[in-house]
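Numbers restart at 1 for each chain; the letters A, B, ... are given by sequence-line order, proteins then strands.
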Number of protein chains: 2
Amino acid sequence: MVTFDDTDIKLLKFLQEDSKQTNKALSLKLGLSVTAVFERIKKLEREGVIDGYVAKVNKLRLERNFMVFCHIKLVQHSQDFVVRFEKEVKQLNEVLECYHISGDYDYLLKVIVKDMEAFREFMVKKLTKINHIGSTHSMFVINEVKHETAINL
Amino acid sequence: MVTFDDTDIKLLKFLQEDSKQTNKALSLKLGLSVTAVFERIKKLEREGVIDGYVAKVNKLRLERNFMVFCHIKLVQHSQDFVVRFEKEVKQLNEVLECYHISGDYDYLLKVIVKDMEAFREFMVKKLTKINHIGSTHSMFVINEVKHETAINL
DNA sequence: AGTGAAATTAACTTCGG
DNA sequence: CCGAAGTTAATTTCACT
């Protein structure tokens with residue numbers, strides 16, 4: 001098991017907020033040399049703690065501002081059905097997230113589309129075309145109160 | 001209204017996947033010069049379409065692998081209560097996402113903590129300490145089937 | 001482990017056309 | 001939008017604490 005010291009945690013916090021800042025800037029915030037920062041980042045990348053670097057885009061500006069959470073129940077829970085459902089749902093690009101959850105429903109999906117019309121299309125032509133879906137229940141997002149990409153470290 | 005051409009959309013797709021690739025690499029993928037890529041990125045940043053650049057971290061490696069979705073109902077829905085609830089929930093670092101949703105419950109929260117014990121602490125000491133919460137319903141994530149950070153463009 | 005400095009490479013940024 | 005030139009930062013190495 002690899003361990004992380006406080007400096008690693010701080011470094012990850014900074015990089016989760018802004019990955020474009022220079023190693024110089026990070027070295028000042030951390031009280032380390034540029035070389036040390038460089039080595040630590042490389043180590044975190046090598047160990048897979050840092051999983052990559054991505055641009056965040058503004059959903060509103062891109063007309064992908066209609067978010068819906070869909071609960072899904074399967075008709076059966078045999079290994080076979082579960083595997084097939086998960087495989088098919090992964091291929092739907094409107095589905096950004098899919099979780100197998102405890103409770104009344106089996107799955108919770110986060111779906112992002114342009115508008116209600118696009119959502120209807122998605123439901124009718126894609127989601128409900130997947131076999132073995134028992135029932136669905138959609139919850140529309142009225143307002144995004146909070147959306148953090150950074151894990152709380 | 002600002003518009004985006006196909007090249008902008010492609011560029012955003014690439015940057016949502018990997019923001020550390022060089023403008024040179026992007027220029028090859030897009031069939032443009034490095035300068036053109038540079039100018040387009042700057043334009044997208046200026047216009048707020050690109051919202052920032054962040055490092056993705058591996059939840060598993062960092063012991064933040066316990067995810068719970070919490071439904072919350074308020075006892076009242078006066079402007080005052082809603083505003084106060086939203087303000088307080090924003091300050092909880094275990095809550096990565098919070099949505100005001102349609103349906104039986106008022107809010108859906110995505111909570112990430114270390115383990116069940118940490119979740120219990122969170123519920124008892126933080127979440128249910130917020131006033132005006134009527135009822136809650138927690139759904140534990142058994143398995144993360146899909147988790148895309150990139151918006152489907 | 002970390003530091004500072006120096007050398008190298010590569011990327012970013014500006015500018016004239 | 002392009003290519004070239006100038007600027008800056010990332011990256012690597014090394015001698016030393």
Side-chain angles (χ1 to χ4, degrees), chain A residues 1-59 61-64 148-153, chain B residues 1-65 114 148-151 153:
Chain A
M1 176 60 190
V2 188
T3 57
F4 312 106
D5 62 16
D6 287 354
T7 306
D8 285 323
I9 298 297
K10 277 184 203 154
L11 181 52
L12 287 168
K13 275 190 189 179
F14 290 136
L15 291 174
Q16 279 195 117
E17 296 299 331
D18 176 13
S19 62
K20 274 281 166 80
Q21 58 193 313
T22 64
N23 291 350
K24 178 88 189 300
L26 289 166
S27 75
L28 292 173
K29 291 180 187 173
L30 294 169
L32 284 177
S33 68
V34 173
T35 312
V37 171
F38 176 77
E39 299 292 357
R40 277 175 184 266
I41 292 174
K42 287 303 157 210
K43 182 184 65 118
L44 292 168
E45 288 171 356
R46 267 199 317 276
E47 288 167 351
V49 180
I50 293 176
D51 232 16
Y53 300 92
V54 301
K56 285 199 291 183
V57 306
N58 187 318
K59 292 192 284 291
R61 306 298 302 274
L62 287 164
E63 299 189 313
R64 289 292 187 289
E148 278 288 324
T149 51
I151 304 289
N152 45 100
L153 296 174
Chain B
M1 177 59 191
V2 187
T3 58
F4 312 106
D5 63 14
D6 286 355
T7 306
D8 285 323
I9 298 297
K10 276 184 203 154
L11 180 52
L12 287 168
K13 275 189 189 179
F14 290 136
L15 290 174
Q16 279 195 116
E17 296 299 331
D18 177 11
S19 62
K20 274 282 167 82
Q21 58 191 314
T22 65
N23 290 350
K24 177 89 189 300
L26 291 166
S27 75
L28 293 172
K29 291 180 187 173
L30 294 169
L32 285 176
S33 69
V34 172
T35 312
V37 171
F38 175 77
E39 299 292 358
R40 278 174 184 267
I41 292 174
K42 287 303 156 207
K43 180 183 66 114
L44 291 167
E45 287 172 355
R46 268 199 316 277
E47 288 167 351
V49 179
I50 293 175
D51 232 16
Y53 301 91
V54 301
K56 285 199 290 184
V57 305
N58 187 318
K59 293 191 282 292
L60 189 57
R61 307 296 304 272
L62 287 164
E63 299 189 315
R64 289 292 187 289
N65 207 35
K114 185 184 172 194
E148 279 288 324
T149 50
I151 304 289
L153 295 175

Q: Check the distance between C:dA11's C1' and B:Leu15's CG and give it to me in whole angstrom.
A: 15 Å
Q: Answer yes or no: does a side-chain N or O of A:Lys24 lie under 4.0 Å from OP1 or OP2 of D:dA9?
A: no
(Q) So A:Thr35, base contact, sugar-phosphate only, or nothing? Heavy-atom distance under 4.0 Å. (A) base
Q. Taking atom NZ of B:Lys10 and atom CG of B:Asp5, what is their separation to the nearest 0.5 Å?
A. 9.0 Å
Q: When you get a sec, tell me which of D:dT12, C:dT13, C:dG2 is the closest nucleotide to the side chain of B:Val34?
A: C:dT13
Q: Determine yes or no for a side-chain-to-main-chain donor-acceptor pair under 3.5 angstrom, with B:Arg64 supplying the side chain and A:Asn152 the backbone.
A: yes
Q) Whole-Å distance between C:dG2 P and A:Lys42 NZ? A) 16 Å
**Q.** Spacing between A:Phe38 atom CZ and C:dA5 atom C1', to the nearest angstrom
**A.** 16 Å
Q) Taking atom C1' of D:dC1 as reference, at what distance in whole Å does atom CG of B:Asp5 sit? A) 12 Å
**Q.** Atom pair distance, as rounded to whole Å: NZ in A:Lys20 and P in D:dT8
**A.** 18 Å
Q. Under 4.0 Å between a side-chain N or O of B:Arg40 and OP1 or OP2 of D:dC1?
A. yes
(Q) Does C:dA11 have its OP1 or OP2 closer than 4.0 Å to a side-chain nitrogen or oxygen of B:Asn23? (A) no
Q) Starting at CD of B:Glu45 and ending at P of C:dT13, how long is that distance when rounded to a whole Å? A) 8 Å
Q. So, B:Lys42 and B:Glu45, do they make that salt bridge, N to O below 4.0 Å?
A. yes
(Q) Tell me the interatomic distance from B:Leu28, atom CG, to C:dA10, atom C1', rounded to whole angstroms. (A) 15 Å
Q: Check side-chain contact (heavy atoms from CB on, under 4.5 Å) between B:Asp6 and all other residues, then give those that pass, not counting sequence neighbours.
A: none
**Q.** Selected nucleotide, minimal atom distance to A:Thr22 side chain, candidates D:dC1, C:dC12, D:dA10
**A.** D:dA10
Q) When the nearest nucleotide of DNA chain D is assigned to A:Gln21 and to A:Glu39 on a heavy-atom basis, which residue is associated with the more 5' position? A) A:Gln21
